[in-house]
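Data block below; observations after.
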Amino acid sequence: QVQLVESGGGLVQAGGSLRLSCAASGRTFGTYTEGWFRQAPGKEREFVAAIRWTTGTTYYTDSVKGRFTISRDDAKNTVHLQMNSLKPEDTAVYSCAAGPRGVVPHRDKEYFYWGQGTQVTVSS
């Protein structure tokens, strides 16, 4: 069993930055893929980024490439999402998820564990 807790959300002006964190307790991330998803009001949940814990390979949706960076902290069993050059369209509830090592990164239904989500609001 894995418990995930997100932090770092908030209100920021367009062009600003936020850093989200996802801390895991219980079983470690060692054999998992860790992903970030977001859901805006009235929209479906969408993939944002993912990282393979064992290899460090990262994946991003096109709309955040060059602006967002996903990274891991092995010692703290934590995954971070550094978000720069934020836009109003990035406003959403951001959730982290953990899935098997071989999960297809953008397929949310393949992830086993989910955090409660953290609100990110970008004002124009």
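In what follows, residues are counted from 1 in the order of the sequence shown. FYI, side chains are in, hydrogens and waters are out, and symmetry mates aren't considered; it's all heavy atoms of this structure.
- With sequence neighbours left out, Val12 forms a side-chain contact (heavy atoms from CB on, under 4.5 Å) with Leu18, Leu86, Val122.
- For the residue pair Val2 and Ala24, the shortest heavy atom distance occurs at CG1-CB, 4.3 Å.
- Partner of Thr55 under the side chain to side chain contact (heavy atoms under 4.5 Å, CB included) criterion, out of Ile51, Thr58, Thr57: Thr57 alone.
- Applying the side-chain contact (heavy atoms from CB on, under 4.5 Å) test to Asp108 and every residue at least two apart in sequence or in another chain returns Phe37, Arg45, Trp114.
- Sequence neighbours left out, the pairs with a member in residues 109-124 that pass salt bridge (Lys or Arg N to Asp or Glu O under 4.0 Å) are Arg107-Glu110.
- Atom OG of residue Ser95 and atom CZ of residue Arg38 lie 12.0 Å apart, to the nearest 0.5 angstrom.
- Taking both residues in full, the closest heavy atoms of Gly102 and Arg52 are given as C-NH1, 3.7 Å, listed atom of the first, atom of the second, then distance.
- Checked against side-chain contact (heavy atoms from CB on, under 4.5 Å), Glu44 has no partners two or more places apart in sequence or in another chain.
- Between Gln13 atom CD and Ser123 atom OG the span is 5.0 Å, to the nearest 0.5 Å.
- Shown here for Trp53 and Thr78, the closest heavy-atom pair between the two residues is CH2-O, 3.8 Å.
- Nearest heavy-atom pair across Ala49 and Leu81 is CB-CD1, 4.1 Å.
- Cys22 and Glu34 make their closest contact through SG-OE2, 3.3 Å (heavy atoms, listed as atom of the first residue, atom of the second, distance).
- A chain of hydrophobic side-chain contacts below 4.5 Å, direct or via other Ile, Leu, Val, Met, Phe, Trp or Tyr residues, connects Tyr60 to Val48.
- Applying the side-chain contact (heavy atoms from CB on, under 4.5 Å) test to Ser85 and every residue at least two apart in sequence or in another chain returns Arg67.
- Hydrophobic clustering (side-chain heavy atoms under 4.5 Å, transitive across Ile, Leu, Val, Met, Phe, Trp, Tyr) groups Val64 together with Tyr94.
- Applying the salt bridge (Lys or Arg N to Asp or Glu O under 4.0 Å) definition to pairs two or more places apart or across chains, those involving residues 73-83 are Arg72-Asp74.
- A distance of 7.5 Å separates OG1 in Thr91 from CD in Gln119, rounded to the nearest 0.5 Å.
- Between the NE2 atom of His80 and the SG atom of Cys96 there is a distance of 11.5 Å, given to the nearest 0.5 Å.
- Without hydrogens or angle criteria, Tyr32 side chain to Tyr111 main chain gives no donor-acceptor distance under 3.5 Å.
- Atoms CD and CG, on Gln116 and Leu4 in that order, are 9.0 Å from each other to the nearest 0.5 Å.
- Val103 is connected to Tyr59 through a chain of hydrophobic side-chain contacts under 4.5 Å among Ile, Leu, Val, Met, Phe, Trp and Tyr, so both are in one cluster.
- Atom CE of Met83 sits about 11.5 Å away from atom CZ of Arg19, to the nearest 0.5 Å.
- Residue Phe68 is grouped with residue Val120 when hydrophobic side chains (ILVMFWY) are merged at heavy-atom distances under 4.5 angstrom, including chains of intermediate members.
- Salt bridge status for Asp90 with Lys87: absent, with no side-chain N to carboxylate O gap under 4.0 Å.
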